[in-house]
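Letters A, B, ... are given to chains in the order of the sequence lines, protein chains preceding strands, and every chain is numbered from 1. This one's a predicted model, so the numbers in the text were calculated from it and none came from an experiment.
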Protein chains: 2
Amino acid sequence: MTIKIGDVSQAAGVSIKTVSRVLNNEKYVSKATRERVEAAVAKLGYHPNSAARALAGDRSFQIALVYDNPSPYNAQNVQAGVKTRCIEGGYRMISQPSDAGSTTLLDELCGLIDQAMLDGIILTPPFTDNAAIRAELARRDISYVTLSPAMLDHAVAAAFIDNVKAAEEMTTYLVSLGHRRIGFVEGDTRYAASAQRLAGYRKALDQAGLDYDATLVRPGQFDFESGSAAAADLLALKNPPTAIFASNDEMAAGVLATAHRLRVSVPSELSVVGFDDTDLAQVVWPPLTTVRQPVRALGYAAADLLFQLPDKVEQRLLPHELIVRDSTAANDVPIGHCGQGVSEKIKDRKPFP
Amino acid sequence: MTIKIGDVSQAAGVSIKTVSRVLNNEKYVSKATRERVEAAVAKLGYHPNSAARALAGDRSFQIALVYDNPSPYNAQNVQAGVKTRCIEGGYRMISQPSDAGSTTLLDELCGLIDQAMLDGIILTPPFTDNAAIRAELARRDISYVTLSPAMLDHAVAAAFIDNVKAAEEMTTYLVSLGHRRIGFVEGDTRYAASAQRLAGYRKALDQAGLDYDATLVRPGQFDFESGSAAAADLLALKNPPTAIFASNDEMAAGVLATAHRLRVSVPSELSVVGFDDTDLAQVVWPPLTTVRQPVRALGYAAADLLFQLPDKVEQRLLPHELIVRDSTAANDVPIGHCGQGVSEKIKDRKPFP
DNA sequence: TTGTAAGCGTTATCAA
DNA sequence: TTGATAACGCTTACAA
């Protein structure tokens, strides 16, 4: 039989309610009492039962991370970041992989909320921009944060990077190396980041005085296959690009595979760069020059924003880095980064503890 | 305010207990009543509150997956498998990444059990072989299953593949291609699979009448870096191997990277094969010949074994496949597989529903 | 086959 | 600053 609050109160010689007060960091507990209770808790190895807490209070100390992420590395990293912050706050994270295309999406989410008495939710793309979900959450007055949303909403907390700027910097870097024909592989268009990265690419071309050439831009789905296929198309052009910028690293790996298959030497004949969404650059040869996205930090920040929620609704911009990798160099060389935050207060509600 | 069981019972014109009976699939409910209740549940969109269920019954409908996995792809796949089976059974999975080296490991786990009223636990390596954890679980009489344990224990349910046999088949395959000097990169020795795979390699050499040469075997930690380093060592030998067998795919990717860097052509000058623990073969070029481990299926099986637990303690051997990939071939060619299961009944306890 | 009443372990209310 | 007592929403006795 496991230890319960009554056992602790007996051991400490106080009432159950007093133990509860200590556990919840309430005011109006004398220092002596608090210490006595804490000692008893430690001695007995007591852990409060979360089901009972959830039922009696109405917070469950659980939040959910809702995602539909085609890339395991990315999902795992986001999860790790969220989880770290949750543990720090005494919370538990429930991870909820969902199918963005599912017709019963809203029902599933409602079920989760009812069943688990969620205290808050972190939405990741493409759910960030699902109006039905956001309306339902607002209706139920459930705190939520969006991670990398397509559009910023003043009333909704968000953690994100500046994809446009990052893609612009990367493209400008390629131009600075002398490239004039730069191929681009788009990401899955259901994710806002895809359009943002393309926009950055176009912006940099503009600034460099280079014409945008639609034949150099190919669609992709953030996976290896589409990267391979796009590269095959691009390299088969009469006048092929001298560099290819893939919207994420799995596609960049596909580009590399195709280049290798076609005996196009990287990087002497073709530069390949990407967005390191998933840390795959560590696993793929040759080491890619990438925009490093702080995926774990985004997860951590999202949870952090959730915890400060009704007090402060914040839009937090996280820094990215341009990592130039050179197989001959010993170390990676970050050549740029950006980032800053802005915040705004809106309304009062029972805060996360 | 969310709907509760009383609302449903009113709508259906029956008692609360009857609704509860229907929800829990108990016997002794007339078909007509059951249908009436189910209709009310559906109409109201009722979802039982899990905190209340956990408190009143003493099952939480939650199980935990405990892991410390250096490979995100692997972890994600195991999780996906476990989760799938959990959802089928109306359960929720809590994933618990832990640090195998932590001194407070046992405390953490106890905390989780007390707090979440876990109905069961799935242990993955290296926790599968942690005597302290297993003793504590036994003491508390908590159901658990081990996934890929180092040693089979008659009294403990387990899901696993035959690593020895798989490594043996792969090595034999290399021998059949004419290789006589086959390098081997070991995995992290904290994981039992590492020793098992090495054993299979040695066994196959034996059977082929080839001498075991310790200079051809290098240590590794299941990551890209150690694979790179091992390959550098092996290829620098006076008499280098003509094939390298890496104990997992991330290390195989490292081997490929080094080969490429040293201008050793794959596969004409060097064959590289591995264990596809993480599905990375899909992401790495060139496509590797691998032992495909059914990682998702292992997760699914582990949860499945947990659900049938006190009724039947089963040791389930899952099939692996040898996937020969040839860049010129259109499709992968599985050349072998194995698998079968045995089971045994031990004692009675309240079953999972 | 159905219903009634007594908890489950905690927090909230209100009084001391 | 503390403590008694009533919820919280459900399941498990035990009756009917």
Side-chain angles (χ1 to χ4, degrees), chain A residues 1-37 40-41 44 46-62 90 92 111 113-119 350 352-353, chain B residues 1-37 40-41 44-62 90 111 113-119 350 352-353:
Chain A
M1 208 213 33
T2 66
I3 290 123
K4 48 184 111 168
I5 199 168
D7 303 330
V8 177
S9 70
Q10 281 199 330
V14 296
S15 76
I16 286 183
K17 177 61 204 176
T18 300
V19 177
S20 172
R21 285 199 177 90
V22 172
L23 260 29
N24 293 289
N25 269 312
E26 288 177 28
K27 285 162 67 178
Y28 305 127
V29 183
S30 73
K31 202 182 161 196
T33 308
R34 166 161 273 132
E35 281 165 2
R36 205 140 35 88
V37 170
V41 166
L44 296 175
Y46 165 74
H47 301 284
N49 178 311
S50 10
R53 291 185 100 177
L55 191 55
D58 34 17
R59 60 174 43 157
S60 62
F61 295 92
Q62 291 189 322
R92 179 144 46 238
I113 292 167
D114 288 341
Q115 287 180 359
M117 301 179 113
L118 293 181
D119 290 353
K350 187 167 161 192
F352 285 78
Chain B
M1 208 215 32
T2 66
I3 291 122
K4 48 184 114 171
I5 198 170
D7 303 332
V8 177
S9 70
Q10 282 200 331
V14 296
S15 76
I16 286 184
K17 176 61 206 176
T18 299
V19 177
S20 171
R21 284 201 177 89
V22 172
L23 260 30
N24 293 291
N25 269 312
E26 288 177 29
K27 286 162 65 178
Y28 305 128
V29 183
S30 72
K31 201 180 162 199
T33 308
R34 168 161 271 131
E35 280 166 1
R36 205 138 36 87
V37 171
V41 165
L44 297 174
Y46 166 74
H47 301 284
N49 178 312
S50 12
R53 290 184 99 177
L55 193 54
D58 17 32
R59 59 175 43 160
S60 61
F61 295 92
Q62 290 190 323
I113 293 167
D114 289 341
Q115 286 180 0
M117 300 177 114
L118 293 181
D119 291 353
K350 186 168 162 191
F352 284 79

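Relative to the six-membered ring of B:Phe61, B:Arg53 meets both conditions, a distance below 6.0 Å and an angle of at most 45° to the axis.
One atom, NE2 of A:His47, and another, C1' of C:dT10, lie 16 Å apart when rounded to the nearest Å. Distance, B:Asn24 CG to D:dT12 P: 7 Å, rounded to whole Å. A:Ile16 places its CD1 atom 14 Å from the C1' atom of D:dA7, with the value rounded to the nearest Å. As a whole-Å value, the separation of A:Asn49 CG from D:dC10 C1' is 14 Å. To the nearest angstrom, P of D:dG3 lies 13 Å from CD of A:Gln10. Rounding to whole angstrom units, OH of residue B:Tyr46 and P of D:dG9 are separated by 10 Å. Protein atom CZ of B:Arg36 is 14 Å distant from nucleotide atom P of C:dT1, rounded to whole Å. The nearest whole Å value for the distance from the CD1 atom in B:Ile5 to the P atom in D:dA7 is 19 Å.
Nearest nucleotide to the A:Val29 side chain, out of C:dT11, C:dT2, D:dT2: D:dT2. Among D:dT12, C:dC8, D:dG3, the nucleotide with an atom closest to any side-chain atom of B:Leu55 is C:dC8. Looking at the side chain of B:Ala56, the nearest of the listed nucleotides D:dT1, C:dG9, D:dT11 is D:dT11. Candidate nucleotides D:dG3, D:dT2, C:dT11 were compared by shortest atom distance to the side chain of A:Ser30, and D:dT2 ranks first.
Between B:Glu26 and B:Lys17 a salt bridge is recorded (basic side-chain N to carboxylate O distance below 4.0 Å).
Residues B:Leu118 and B:Ser60 come closest through the heavy atom pair CA-OG, 3.8 Å.
Counting heavy atoms from C-beta outward, B:Tyr46 and B:Leu23 have side chains that approach closer than 4.5 Å.
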Problem - Evaluation steps, side-chain contact (heavy atoms from CB on, under 4.5 Å), between B:Val14 and B:Arg36 - result: CA-CA 9 Å; B:Val14 296; B:Arg36 205 138 36 87; 4.0 Å; yes

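Heavy-atom nearest nucleotides on DNA chain C were determined for B:Tyr28 and for B:Met117, and the one closer to the 5' end corresponds to B:Tyr28. Nearest-nucleotide assignment on DNA chain D puts the 5′-proximal partner with A:Val14, out of A:Val14 and B:Glu26.
Side-chain nitrogen and oxygen atoms of A:Thr18 include at least one within less than 4.0 Å of the OP1 or OP2 phosphate oxygen of D:dG3. Put simply, B:Thr33 has a side-chain N or O that comes within less than 4.0 Å of OP1 or OP2 on C:dT2. Within the structure, a side-chain polar atom (N or O) of B:Ser20 is placed less than 4.0 Å from OP1 or OP2 of D:dT11.
Not a single donor-acceptor contact under 3.5 angstrom links the side-chain atoms of A:Lys17 to the base of D:dA4. Taking 3.5 Å as the limit, the base of C:dT2 and the side chain of B:Arg21 contain a donor-acceptor pair of atoms between them.
Judged by distance alone, the side chain of B:Asp7 and the main-chain N or O of B:Ile3 form no donor-acceptor pair under 3.5 Å.
Contact annotation for A:Ser50: no contact, since no heavy-atom pair falls under 4.0 Å across all strands. No engagement by B:Leu23 is indicated, since no non-hydrogen atom pair under 4.0 Å with the nucleic acid exists.
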